[in-house]
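Presented below is the structure to which this report refers.
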Amino acid sequence: KVPSENGVWERRTTLPAPMFSRNEFSIWGFLKKCIGMELSKITMPIVFNEPLSFLQRITEYMEHTYLIHKACTRSDSIERMQLVAAFAISAVASQWDRTGKPFNPLLGETFELTRDEEGYRLISEQVSHHPPISAFYSESLNQNFSFHGSIYPKLKFWGKSVEAEPKGTMTLELSKHREAYTWTNPMCCVHNVILGKLWIEQYGTVEIVNHSKKKHRVIYGKWTECVYSIEPKVYEANKKAEKKSGGDSKKHKQEQSTGGDDADEMPDVQETVTMVPGSTLLWRVAPRPPNSTQMYNFTNFAMTLNELEPGMIGVIAPTDCRLRPDIRAMENGDIDTASREKERLEEKQRAARRERAKDEEEWSTRWFQQGNNPYTGAADWIYKGGYFDRRYPHLPDIY
Ligand code: CLR
């Protein structure tokens, strides 16, 4: 809460303390005791965490919301589609090099993000504990769009790597244009959990469906870097010419990470996207802040997520992640308190579950209800409304 020189409050650009060194800790030394166990049930030592809840981590999808605002201003549906595609890709850019494990949200935990200056607000809730499911709903303050979905991160342990499949549908509705887009997020793989340096890869096909359109543009680029759009004919012609001239006709196949004893080398992050002449740039990633490497490789956006802004206390819901004492202690560099508090909260959650079982009481979610996606029919979690009326009686005491 540091007021800047002219007395206006500004969002922080760093965390209160640098991260704890992970050098003396081997993930493998820990994980090998857990082979065959279901990964979501394993409690990892807290040094492998980052001081954000999973609800906050998925809110990073919102970092480049300006792309949706821009899409809303376009009258041409093809231009809108390109910007939506850029949004879907840019939404996962912040995951690059982010190998810290976010805190598992407690059942009923919520996270609110109101960004007046970026013209949107978001509410998310942990709606299921086993399996872990997080639902979110965001809307622009000028009623131009809503973006919502649910994420069930299905984790698989492959030996050398951990693979996360973010199950769940993303839905973007542009109300003025009466358009709805849906897509699913790419797979995420954390390499070298046994030896070598941890690094993150995201891959797989992300098909963005505007439920009424044919192919008009080719969109290409890299999730860590930038996205371009181009006329399909120009793109194909260029590829042909490139093949003829024997130019870099693309790419080593990603080898399966189960084989071999050596570490999977992390590709160099250089400017690797070659721009095809005639392309328009849709999005480019911003550089990470200078202190990022000591701060869990956070982006500027991520740095701000757990900040308690002036006037927030007593206004945000008492279940909000920012009020979790374990995450707070960790971001302050107090790892012992963080670890103790984490255990206390998890035990409190178990005790509450036992109580409910005794009374044969079912857990009821607060802001979302189970339903079907209106466009794809897939199982989904639908926002019930009401969070921003700011009446929070009878919320569970989870901290
Ligand atoms: C990536 C973006 C997706 C949603 C999603 C689902 C699962 C997340 C993943 C994201 C990021 C990486 C992640 C993973 C679950 C576990 C893994 C947080 C947010 C961490 C890095 C694993 C750490 C464990 C090692 C230290 C062994 O759309």
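Start at 1 and go down the list; that is how both ligands and their atoms are numbered.
For atom 26 (C) of ligand 1, the nearest protein heavy atom (residue, atom name, distance) is Ile27 CD1, 3.4 Å. The shortest contact between atom 3 (C) of ligand 1 and any protein heavy atom is with Tyr61 OH, 3.6 Å. Among protein heavy atoms, the minimum distance from atom 15 (C) of ligand 1 is reached at Leu155 CD2, 3.9 Å. Protein heavy atom nearest atom 24 (C) of ligand 1, with residue, atom name and distance: Met44 CE, 4.3 Å. Closest to atom 2 (C) of ligand 1, if we only count protein heavy atoms, is Gln202 OE1, 3.6 Å. What sits closest to atom 9 (C) of ligand 1 on the protein, heavy atoms only, is Cys188 SG, 4.0 Å. Of the protein's non-hydrogen atoms, Val190 CG2, 4.1 Å is the one closest to atom 17 (C) of ligand 1. Counting protein heavy atoms only, atom 8 (C) of ligand 1 is closest to Phe54 CE1, 3.9 Å.
Enclosure of atom CD in Glu346 by more than 12 non-hydrogen atoms of other residues, nucleotides or ligands within 6.0 angstrom is indicated. More than 12 non-hydrogen atoms from other residues, nucleotides or ligands lie less than 6.0 angstrom from CD of Glu347.
Put simply, no part of Glu165 is less than 4.0 Å from ligand 1, judged by heavy atoms. Ligand 1 has at least one atom lying under 4.0 Å from a heavy atom of Val193.
With a 4.0 Å cut-off on non-hydrogen atoms, Pro102 touches ligand 1 through its side chain and not its backbone.
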Evaluate side-chain hydrogen bond (donor to acceptor under 3.5 Å, both in side chains) for Gln126 paired with Ser134, printing each intermediate quantity in order. CA-CA 5 Å; Gln126 190 68 5; Ser134 314; 2.8 Å; yes

Does the side-chain hydrogen bond (donor to acceptor under 3.5 Å, both in side chains) test come out yes or no for Arg322 and Gln56, once each step is laid out? CA-CA 9 Å; Arg322 293 177 188 85; Gln56 293 169 310; over 6 Å; no

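Heavy-atom contacts of Asn185 reach the following atoms of ligand 1: 28 (O) (cutoff under 4.0 Å). Using a 4.0 Å cut-off to heavy atoms of Ala164, the atoms of ligand 1 that qualify are 7 (C). Of all atoms in ligand 1, listed by their number and element, those nearer than 4.0 Å to a heavy atom of Pro153 are 6 (C), 7 (C).
Aromatic ring centres of Tyr120 and Phe147 lie farther apart than the 6.0 Å criterion allows.
Criterion: ILVMFWY side-chain heavy atoms under 4.5 Å apart, direct or through other members. Under it, Val193 and Tyr203 are not part of a common hydrophobic cluster.
Classified by interplanar angle (parallel below 30°, tilted 30° to 60°, perpendicular above 60°), the ring pair Tyr383/Tyr137 is parallel. Note on ring orientation: taking the six-membered ring where Trp is involved, the planes of Tyr387 and Tyr392 are tilted (angle from 30° to 60°). Ring geometry, His64 versus Tyr66: the interplanar angle exceeds 60°, so the pair is classed perpendicular (tilted spans 30 to 60°).
Scanning Lys101, Gln95, Arg57 for the heavy atom closest to atom 13 (C) of ligand 1 points to Arg57.
Seen from the ring of Phe103, Arg324 does not count as a face-on cation partner, given the 6.0 Å and 45° thresholds.
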